[in-house]
Chemist: 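Pasting in a structure now, in structure tokens, and then I'll have a few things to ask.
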Amino acid sequence: MGSSPAAVGTALEDLPEDALLCILALLAPPDAAAAACACRRLAAAASSPALPPALALRLGLLPPSPARPLLPAPPSPAAARRLLRSLHRLRRLLGLWRRLPPSSGSPQPRPPAPSLAAFEWAPARAALAGSLLAPSAARGGGGGVARCPFVTLCIADSGDTVAALGGAPVCVNFVGSNHIVVEPAAAGEDDEIEVVSGSPPEEMYAHFANRRSPGSGRRRRGKHGRRGGGGLMEAEHFVRIADAEPTWARPLQGLWKGICEDRTLEFYLVAYDDIGGVTCRRFSDPRGQNSGYSPVFWTTDTTFLEPPFSEQELENYSSRYHIQGVTSNHAAVENRVISRILCINSSHDVVDPQLSNPLDDARSVEGRIWLYEDGTFGFGFVGTNSVIDLRWKSD
């Protein structure tokens, strides 16, 4: 028998430029720069003006058209690199962010601003649009999500990122990978300053000191005014909400919404920690007395109770009522199909915020999570007769 011929492969240098652009578009800028050092073909592709549009297509922006070009045409490889950096910068902003409370002594916005922000692609405008999210009594009182325009980011002809809030220029700067600062743009300031993880502390201190000196702060306020006039009065800090959607392995994870016993619609963020525990925090209405980002329940053991359930567990659930709307006092017994049950804990002041005297101890209150067949869940505690049902925030 004759020996079979060796398989013939395709060398990297033989690939067309379109294929090389698709490869580079999948890489982060540092990895793309390293790949460009491997051979001349990759180096040429990394400097090609066609690379940013290839990345933009992968990120979900619409194809270009004669009436509305997708991106500004970079006149040089340097401009193409700036454009590529801007696209990666916009991609890093995608997702949900939580506003950090202002520092003590800082003026409070009036009216209070929502605690959540979402950045999403706006293909029709070839931009990244930010929105502030707040609970709403829409959809027949069942609860919805209201969106208020926030920061819009696009790419200028120079290839740099341009951000605006209500028509006023602002700066959106990264402090590490999961922390951004949105602040007024100083007069004549058009550069992007980014403090990345691992930067020397003196650089971070200089960055914030230069942008928050008393003189510069007064100039910004005089130029842009307060939020109601379309600008920012003070810098606002946001941290990324990672893992905002449930998965098969972590079915409780994500950002949810639910109607509380006081008939208010709230956002709930459920997160898994590194040691296998689960915590839930509530984004309370900033106009209320208990506004903030407060804990609701937690557990260090995520082992679910599987069916068949005991009569006691079934009675614990079926004897409770479910709140049906924000704008009415209607409640009903809604026996849904339970797939699994999880034991949780909370504190007395969370379960009963009307306590007149502080507790003398730190005793916890036992509760349950009822995971339904449709992937949503509800929770309740011993000593109460209600179930707070949570739904995915976009439902």
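Predicted model only: the values in this text are computed from it and were never measured.
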Chemist: Hey, are the side chains of V270 and T279 touching, using non-hydrogen atoms and a 4.5 Å cut-off?
Modeler: no
Chemist: Any chance the side chains of H88 and R91 put a donor and an acceptor closer than 3.5 Å?
Modeler: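 Short answer, yes.
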Chemist: Quick one: salt bridge (Lys or Arg N to Asp or Glu O under 4.0 Å) pairs with a partner in residues 372-382, sequence neighbours left out?
Modeler: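 Sorted result for residues 372-382: R336-D374.
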Chemist: What's the spacing between Y321 OH and S386 OG if we round to 0.5 Å?
Modeler: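 So the OH of Y321 and the OG of S386 are separated by 4.5 Å.
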Chemist: Listed by chain and number, what are the side chain to side chain donor-acceptor pair (under 3.5 Å) partners of E120, not counting sequence neighbours?
Modeler: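 Expected list: R147.
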Chemist: With rounding to the nearest 0.5 angstrom, report the CG to CG distance, L305 to L371.
Modeler: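 Here the rounded value is 12.0 Å.
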Chemist: What's the shortest heavy-atom distance between S346 and V296, and which atoms?
Modeler: OG-O, 2.6 Å
Chemist: Under the rule for side chain to side chain donor-acceptor pair (under 3.5 Å), what residues qualify as partners of R240, not counting sequence neighbours?
Modeler: N178
Chemist: Checking F379 against L390 for the side chain to side chain contact (heavy atoms under 4.5 Å, CB included) test, could you report, in this order, the C-alpha distance in whole Å, the side-chain angles of both residues, the deciding distance, and whether it holds?
Modeler: CA-CA 8 Å; F379 67 90; L390 301 187; 4.0 Å; yes
Chemist: Hydrophobic clustering (ILVMFWY, side-chain heavy atoms < 4.5 Å, transitive) - are F381 and F304 grouped together?
Modeler: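 The answer is yes; both residues are in one hydrophobic cluster.
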Chemist: Looking at side-chain heavy atoms only, is the closest gap between I275 and T300 below 4.5 Å?
Modeler: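 Side chain of I275 against side chain of T300, heavy atoms only: no contact under 4.5 Å found.
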Chemist: If you look at every heavy atom in L133 and A118, which pair is closest and at what distance?
Modeler: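 Smallest interatomic distance, heavy atoms only, reads CD1-CB, 4.0 Å.
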Chemist: Verify, without hydrogens or angle tests, whether T152 (side chain) and A129 (backbone) share a donor-acceptor contact under 3.5 angstrom.
Modeler: no
Chemist: Show, in sequence, the C-alpha distance, side-chain angles and deciding distance for V181 and H179, and conclude whether the side chain to side chain contact (heavy atoms under 4.5 Å, CB included) test is met.
Modeler: CA-CA 7 Å; V181 183; H179 182 175; 4.2 Å; yes
Chemist: So how far is it from Y272 OH to L252 CG, rounded to the nearest 0.5 Å?
Modeler: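 That separation rounds to 3.5 Å.
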Chemist: List the steps, then state whether side chain to side chain contact (heavy atoms under 4.5 Å, CB included) holds for I388 with I259.
Modeler: CA-CA 6 Å; I388 298 178; I259 303 174; over 6 Å; no
Chemist: Using every non-hydrogen atom in the two residues, find where R368 and N316 come nearest and quote the distance to one decimal.
Modeler: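 That closest heavy-atom pairing would be CG-ND2, 3.7 Å.
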Chemist: Are any side-chain N or O atoms of Q253 and backbone N or O atoms of E245, one a donor and one an acceptor, separated by less than 3.5 Å?
Modeler: yes
Chemist: Indicate, with yes or no, if the rings of F150 and F238 have centres closer together than 6.0 Å.
Modeler: yes
Chemist: May I ask you to test the L128-W121 pair for a side-chain heavy-atom distance under 4.5 Å?
Modeler: yes
Chemist: At their closest point, which heavy atom of W370 faces which heavy atom of G380, and how far apart are they?
Modeler: CZ3-N, 3.4 Å
Chemist: Taking E266 first and then K257, would you say they form a salt bridge - that is, a charged N and a carboxylate O separated by under 4.0 Å?
Modeler: no
Chemist: Taking side chain to side chain donor-acceptor pair (under 3.5 Å) as the test, write out the residues that go with T299, two or more places apart.
Modeler: none
Chemist: I'd like to know if the side chain of S115 reaches the main chain of F283, judged simply by a donor and an acceptor atom lying under 3.5 Å from each other, with no hydrogens or angles considered.
Modeler: no
Chemist: Applying ring-ring contact (aromatic ring centres under 6.0 Å, His included), name anything that partners F377, two or more places apart in sequence or on another chain.
Modeler: W256
Chemist: If you take all heavy atoms of P251 and P246, which pair is closest and at what distance?
Modeler: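 For P251 versus P246, the nearest heavy atoms are O-CB, 3.4 Å.
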Chemist: Do the non-hydrogen side-chain atoms of E183 and E234 ever get within less than 4.5 Å of each other?
Modeler: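 No - every pair of side-chain heavy atoms lies 4.5 Å or more apart.
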Chemist: Check the side chains of D389 and Y372 for a donor-acceptor pair under 3.5 angstrom, ignoring hydrogens and angles.
Modeler: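 The criterion, which ignores hydrogens and geometry beyond distance, is satisfied for D389 and Y372.
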Chemist: Output all residues satisfying side chain to side chain donor-acceptor pair (under 3.5 Å) with D301, sequence neighbours left out; order by chain, then residue number.
Modeler: T303
Chemist: Cationic tip of R92 within the cone over F174's six-membered ring, i.e. under 6.0 Å and within 45° of the normal?
Modeler: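 Here R92 passes the 6.0 Å and 45° test against F174.
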Chemist: Report the distance from atom CG of L90 to atom CZ of R85, rounding to the nearest 0.5 Å.
Modeler: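 Between L90 CG and R85 CZ, I get 11.0 Å after rounding to 0.5 Å.
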Chemist: Roughly how far apart are I180 CD1 and L93 CG, rounded to 0.5 Å?
Modeler: 5.5 Å
Chemist: Apply side chain to side chain contact (heavy atoms under 4.5 Å, CB included) to residues V365 and F297 and explain how you reach the verdict.
Modeler: CA-CA 9 Å; V365 177; F297 62 76; over 6 Å; no
Chemist: Side chains of R282 and C260: does their closest heavy-atom pair fall under 4.5 Å?
Modeler: yes
Chemist: Would you say the side chain of S131 lies within less than 4.5 Å of the side chain of F119, judging by non-hydrogen atoms?
Modeler: no
Chemist: Any non-hydrogen side-chain atom of P114 less than 4.5 Å from a side-chain atom of L116?
Modeler: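 Side chain of P114 against side chain of L116, heavy atoms only: no contact under 4.5 Å found.
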Chemist: With rounding to the nearest 0.5 Å, note down the distance linking CZ in R99 to NE2 in H237.
Modeler: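 The CZ atom of R99 sits 11.0 Å away from the NE2 atom of H237.
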Chemist: For the residue pair I155 and V162, establish whether any side-chain heavy-atom pair is separated by less than 4.5 Å.
Modeler: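 No - every pair of side-chain heavy atoms lies 4.5 Å or more apart.
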Chemist: Would you say CD of E311 has more than 12 non-hydrogen atoms from neighbouring residues, nucleotides or ligands within 6.0 angstrom?
Modeler: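 12 or below, so no.
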Chemist: Look at the side-chain heavy atoms of Ile, Leu, Val, Met, Phe, Trp and Tyr, link any pair under 4.5 Å apart, and say whether L100 and L96 land in one connected group.
Modeler: no
Chemist: Of all heavy-atom pairs between I341 and I338, which one has the smallest distance, and what is that distance?
Modeler: CG1-CG2, 3.9 Å
